[in-house]
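What follows is a short report on a single structure.
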Number of protein chains: 2
Amino acid sequence: MTVTNDESAQYLIRTVSKRSGVKSDLVRAWERRYQAVTPTRTSGGHRVYTDQDIARLKLLNQATSNGHSISQIAQFSLDDLKHLLKDETLSTSQSPNDLLPSTINKVHLAEDYSDKCYAAVLAFDAQKLESHFENAIVELGAESFIEHLLSPLLNKIGERWKTGELRPVHEHMTSSVIRSLTYILRNNNPCPENAPRMIVSTPIGQLHELGALLAAIMAELCGWQVTYLGANLPAEEIAAAVKYTNACALTLSISFATDDHIVAKELRRLKKLIGNNVSLIVGGRAAGHFQPVLNEVGVMKIQSYTHFKQLLNQLATEYYASDNKNQP
Amino acid sequence: MTVTNDESAQYLIRTVSKRSGVKSDLVRAWERRYQAVTPTRTSGGHRVYTDQDIARLKLLNQATSNGHSISQIAQFSLDDLKHLLKDETLSTSQSPNDLLPSTINKVHLAEDYSDKCYAAVLAFDAQKLESHFENAIVELGAESFIEHLLSPLLNKIGERWKTGELRPVHEHMTSSVIRSLTYILRNNNPCPENAPRMIVSTPIGQLHELGALLAAIMAELCGWQVTYLGANLPAEEIAAAVKYTNACALTLSISFATDDHIVAKELRRLKKLIGNNVSLIVGGRAAGHFQPVLNEVGVMKIQSYTHFKQLLNQLATEYYASDNKNQP
DNA sequence: CATTTTTTGTCAATGTTTTGTAAAGGTTTG
DNA sequence: CAAACCTTTACAAAACATTGACAAAAAATG
């Protein structure tokens, strides 16, 4: 099914007629006699319809040619109409479970989607995974999608990867799908021109990018202007990106605990390169493993989903405050 | 404060009219009556348009000739317009081609965009880069976009990287932007359920993914069901993905010439793991460097843009032929 | 079953709005 | 100075709206 959630799309009667299969005259008659649809009007009086109206007329058309009297069903809700037709075509159908998504329901719904997504990951079915994600974004909204679906899902993938149930390719495939999704998420809330800038990456040796992706998406949703660099970059490169973009924050994800000293060395170098005016944030499953270095370098460590969100908002506030001072 | 001097290129109405296909008079009428575009003015009062305006007008033109009333859609955002047209081309595939998309013009136009995109890469401006890409896709169409803009651009980036004008981060940033664009490109032509499947990646040690991305996009546009895995994967992982997805082809990009034997070893292992029924395709700037191994293993080497396209179509044809035999 | 009444899709007549195009006359640009 | 722009005003075809009517089909009634 297509993603037609907005009511931004509006149509005049001829388009509606073409799409629904109901002649213009009849559309007007149904409105006049039974208020089957109640379009708004232009200032000049022309009728303006929504996607929902079209869907409605389509169903009404089907129902009438199925023997129902228009006067009886004209005021039915979309759901009622669907049921009507379902019951006819399949006489005894499945359980009708599409009803109101309350806030409490959302968590449950997200879990539901999460299971489906994990199954798609396990089956290595990128198409299905993307499809589930798309639907989930529409149904849950970007906010809930990230908090209740994406975040737990990535955790689960991280765990299962350690137990061997998943292979590295699974993670790569998932990263790939999520990366292409950033396009939808970003376009849901365009950020202001003067938003604070952030670089997101993972240090050299850290090949897992799921955590970094999550961080990037979250930051974008919190109104940051994020430049995502992918995984496995040396300190010099990351620092260069910070310079180029004039970023005021840098977020790294560390999800794999190594015993060599690469991460520590990279962090120290990074700090030296970017200086004290750029906030250095580190998250990821294995961040705790490097606690001594984090303390030494002066890193903000992400404690949890909500903690990161608070951090983002706090830093943004500080940024706007100092920005106003410099810009009288 | 940073220099936020956007709108690098500006056009007068005649150019806009030619490129968008909307007559000058009409462009002005749309502006006067519905504020469809809001160009700036020269000191003398002439209208000055941006690339975005052109993309916008092009989409509006398409939408109106598709039955939408201009007054209703004039103020839609670029994204809304894209959705509008996407939903329509899915239901009614007949589209009477609009005016003058002469091939010669397109090449020139693509070069123009290519320069702008490269400038954005050099300036490390991900947002501008994405914006240019989006406009270019609208104006050129996916096909031309890839052939005349993306492909040359990536070559240029590869070259400049070697000379040191660009750093690795530039490439990472560009990859990131292109990856999120795959979403638009993919949704322009949904592939059939039973399309042949392909895995795209780069072997271990090969960190540059631009070539692989290009290959993935091209294959998708040729009707393949592509699973893109990103860069730097060991043979076992890639082979596992091939097994999981039941892919009939595997494309690798090799853009960096190394003197160690890793690539050779990986290729040999891969061939052993995937067997003879899966086509192994290799492309990339440095593919020639490993010619002996390619011959030994039996690899199809990509010679050029058009060669790869032919290869894709040929393999797809073979796939469908053998598929029909097995599935009577 | 025959006759009325109601429902429903379609049309016609007449007036208004929308929308692409164009002409007239002045200004800017190169 | 010519070509390209600008603004204003106008115009006509296409698309809409409203009202009212009509006949076939369906339902109700006797």
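In what follows, chains carry the letters A, B, and so on, assigned in the order in which the sequence lines appear, proteins first and then strands, with residues in each chain numbered from 1. Everything numeric in this text was worked out from a predicted model, so none of it was measured.
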Quickly work out the [X] [atom1] to [N] [atom2] distance and round it to whole Å.
X     : N      : atom1 : atom2 : answer
A:E31 : D:dA17 : CD    : P     : 9 Å
A:Y11 : D:dA15 : OH    : C1'   : 19 Å
A:K18 : D:dA14 : NZ    : C1'   : 12 Å
A:L57 : C:dG9  : CG    : P     : 12 Å
B:I73 : C:dT18 : CD1   : C1'   : 14 Å

*Do B:F145 and B:F133 have ring centroids that are under 6.0 Å from one another?*
yes
*Would the B:H172 and A:Y228 ring centres measure less than 6.0 Å apart?*
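Ring-ring flag for B:H172/A:Y228: false, centres at least 6.0 Å apart.
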Quick test: give all pairs of protein nitrogen or oxygen and nucleotides 19-24 of chain C nitrogen or oxygen below 3.5 Å, distance rounded to 0.1 Å.
| unit_1 | atom_1 | unit_2 | atom_2 | d |
| --- | --- | --- | --- | --- |
| C:dT19 | OP1 | B:S69 | OG | 3.0 |
| C:dT19 | OP1 | B:I70 | N | 3.3 |
| C:dT19 | OP2 | B:Y34 | OH | 2.8 |
| C:dT19 | OP2 | B:S71 | OG | 3.3 |
| C:dG20 | OP2 | B:W30 | NE1 | 2.7 |
| C:dG20 | N7 | B:R33 | NH2 | 2.5 |
| C:dT21 | OP1 | B:K23 | NZ | 3.4 |

*In terms of side-chain heavy atoms, does A:D51 have a donor or acceptor partner in A:Y11 at a distance below 3.5 Å?*
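Indeed, the side chains of A:D51 and A:Y11 share at least one donor-acceptor pair under 3.5 Å.
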Kindly list each side-chain donor-acceptor pair under 3.5 angstrom involving residues 35-43 of chain B, sequence neighbours excluded, with atom names and distances?
| unit_1 | atom_1 | unit_2 | atom_2 | d |
| --- | --- | --- | --- | --- |
| B:T40 | OG1 | B:V48 | O | 3.4 |
| B:R41 | NH1 | B:G45 | O | 2.9 |
| B:T42 | OG1 | B:G44 | N | 3.2 |
| B:T42 | OG1 | B:G45 | N | 3.2 |
| B:T42 | OG1 | B:H46 | N | 3.0 |

*asked:* Between the side chains of B:K106 and B:E111, is the shortest nitrogen-to-carboxylate-oxygen separation below 4.0 Å, so that they form an ion pair?
replied: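 Judged by the 4.0 Å cut-off on N to carboxylate O distance, B:E111 and B:K106 do not form a salt bridge.
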Check residues 156-166 of chain B and write down every donor-acceptor pair under 3.5 Å in which the side-chain atom is one partner and the other belongs to a residue at least two apart or another chain.
| unit_1 | atom_1 | unit_2 | atom_2 | d |
| --- | --- | --- | --- | --- |
| B:R160 | NH1 | B:E165 | OE1 | 3.3 |
| B:R160 | NH1 | B:E165 | OE2 | 3.4 |
| B:T163 | OG1 | B:R160 | O | 3.0 |
| B:T163 | OG1 | B:E165 | N | 3.4 |
| B:E165 | OE2 | B:Y118 | OH | 2.9 |

*DNA chain D: B:G44 or A:H46, which has the more 5' nearest nucleotide?*
B:G44
*What is the nucleic acid contact for B:T42, judged by heavy atoms within less than 4.0 Å: base, sugar-phosphate only, or nothing?*
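Counting heavy atoms under 4.0 Å across all strands, the contact made by B:T42 is with sugar-phosphate only.
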*asked:* As a test of reading the structure: which of C:dT29, D:dT7, C:dT18 is closest to the side chain of B:R28, going by heavy atoms?
replied: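 Per side-chain heavy atoms of B:R28, the pick is D:dT7.
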*asked:* With a 4.0 Å cutoff (strictly under), does any side-chain N or O of B:R47 reach OP1 or OP2 of C:dT27?
replied: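 So the side-chain polar atoms of B:R47 never come under 4.0 Å of the phosphate oxygens OP1 or OP2 of C:dT27.
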